[in-house]
Enquirer: 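Sharing a structure with you now.
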There are 2 protein chains.
Amino acid sequence: MATTAKKTSRTATREKRRQQLIDATMKCIARKGMGSTTLGDVAGEAGLSQGIVNLHFESKDNLLNETLRYLADEYKTQFSHAYEKSGPGAADKLHALMKLDLSPSVLDRRKVAVWFAFWGEVKSRPIYRDICEKSDEYYDEIVRSLCSQLIAEGDYKNITALAISTALASMTNGMWLSCLISPKLFDRQNAMIAVDEYLHSIFPEHFPL
Amino acid sequence: MATTAKKTSRTATREKRRQQLIDATMKCIARKGMGSTTLGDVAGEAGLSQGIVNLHFESKDNLLNETLRYLADEYKTQFSHAYEKSGPGAADKLHALMKLDLSPSVLDRRKVAVWFAFWGEVKSRPIYRDICEKSDEYYDEIVRSLCSQLIAEGDYKNITALAISTALASMTNGMWLSCLISPKLFDRQNAMIAVDEYLHSIFPEHFPL
DNA sequence: ATAATATGAATGAATACTCATTCATTTTTA
DNA sequence: TAAAAATGAATGAGTATTCATTCATATTAT
């Protein structure tokens, strides 16, 4: 088992090939839309042959499911990383998570387009809903718990962690939509200012100007 | 020969048929998704025959464009109506508009699914983007101007109308997504509370608890 | 080490199927 | 009766899927 320092492009490990096809799928969905992305497009984008997707994923439906799972996992990884790396206080963590949602690596128009392509089919494809819902639950729970912590720490009245986490999560998702629809008009900095103003007005002690 | 009223009657019939087909299209998109809605489905939903869509809309693309235009128009009508009917102050108007976005007639899961289906194709279909962007511009401008008015009236420091209108619009759009993905978990009342808490914390003078 | 064999990844032409569109015909309206 | 509207079978373009074959690499035999 010597002499394999260099892999030719002809064969790759199963995992590598699958990832390559998932990447190609996301590119195609961003460019052509979910409806008009064909298996031929995906194979072409990956520089491979017609039948390759069925070889590795069995069916188009399965490829799309796996692509959404990948998207969700990728986000979860970034989210967890931002959570761990930030701190030490709850305010710092919350701010880091909001910043992540508006950072170029997450809020990239091509990637957002892929998320929306899947969301657009959520109602008719329960499996997409399941994947997204599980992802959201994880996210919401952590944000809500950070809000609870801040409420407990500060002397905040008349606010509930649930309402605030709902507002925060909704806000960033809504900003993704603005980026998708009005890329020219959308301004990352203004979006971050909107979030900061919100945090300041809700938790003035933790988020001074 | 001297019958001028007949032409109106024919036109009305034609409009009715078109509207019937647009309604059927929205139902199909909500149920089956945009990708798997066929012209046969639409015709069937409307209780008409195979070729009927091409007769009235010339092409499937055109049918979808018109459907999105209808959605946008319908929303604009409700928005304008809520704006006119409410008042007299800017705070009342703003609150009425936010309430509209979370009201059952707008925030209905089937309707939201149709919006998301179109948003999912925005990146790859510039015409959808154009329609949505125009609609958003109108909405944003009015909300921003209401925020400006409140800022001028009150003694609010360190906030900008642009950031607040961005946050408000994003928030409701993000809540639509929650309703789509987690219909069981989503709570209209909690959503309204989140908006009210936000308005109170930003404009305490105008939105007391 | 070299040759022979086995493995399974990759190909791409062929197949089976879906669906938008057309159009000859029928039905309805004025 | 003439014009408009609607029908639904036929068409044909496009596409997911299959599969016999090719090819690169790994394994085994000599």
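These numbers come from a predicted model, not from an experiment. Here is how names work: the chains are called A, B, and so on, in the same order as the sequence lines, proteins then strands, and each is numbered from 1.
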Enquirer: So, is Arg17(B) close to the dA6(D) phosphate, meaning a side-chain N or O under 4.0 Å from OP1 or OP2?
Expert: yes

Enquirer: Please say whether the positively charged group of Lys76(B), taken as NZ for Lys or CZ for Arg, lies over the ring of Tyr138(B), i.e. under 6.0 angstrom from the six-membered ring centre and within 45 degrees of the axis.
Expert: yes

Enquirer: Considering just the side-chain nitrogens and oxygens of Ser49(B), establish if one lies under 4.0 Å of OP1 or OP2 belonging to dT7(D).
Expert: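 Looking at the OP1 and OP2 atoms of dT7(D), one of them is under 4.0 Å from a side-chain N or O of Ser49(B).
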
Enquirer: Please work out which of the three classes, parallel, tilted or perpendicular, describes the rings of Phe116(B) and Phe116(A), given edges at 30° and 60°.
Expert: parallel

Enquirer: Which of parallel (below 30°), tilted (30 to 60°) and perpendicular (above 60°) describes Phe118(B) and Tyr128(B)?
Expert: perpendicular

Enquirer: Over how many whole Å does the gap from Lys16(A) atom NZ to dA9(C) atom P extend?
Expert: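 Result: 15 Å.
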
Enquirer: Between Glu15(A) (CD) and dA9(C) (C1'), how many Å, whole number?
Expert: 15 Å

Enquirer: In terms of side-chain heavy atoms, does Asn54(A) have a donor or acceptor partner in Glu58(A) at a distance below 3.5 Å?
Expert: no

Enquirer: Hey, is the main chain of Ala30(A) close enough, under 3.5 Å, to the side chain of Lys123(B) for a donor-acceptor pair?
Expert: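 Yes; at least one donor-acceptor contact below 3.5 Å.
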
Enquirer: Report the distance from atom CD1 of Ile52(A) to atom P of dA9(C), rounded to the nearest whole Å.
Expert: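 Result: 9 Å.
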
Enquirer: Quick one: are the ring centres of His95(B) and Phe203(B) less than 6.0 Å apart?
Expert: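 Distance test on ring centres: not under 6.0 Å, no.
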
Enquirer: Calculate the interatomic distance between Leu48(A) atom CG and dG12(C) atom P; express it in whole Å.
Expert: 10 Å

Enquirer: Does the protein touch nucleotides 14-25 of chain C at the base, only the backbone, or not at all? Give it as B, S and - per nucleotide, heavy atoms under 4.0 Å.
Expert: -----SSBB---

Enquirer: Rounding to a whole Å, what distance do you find between Leu63(A):CG and dT17(D):P?
Expert: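 In whole Å, dT17(D) P lies 10 Å from Leu63(A) CG.
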
Enquirer: In this structure, how many angstroms lie between the P atom of dA16(D) and the CG atom of Leu64(A), rounded?
Expert: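 Leu64(A) atom CG is separated from dA16(D) atom P by 10 Å.
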
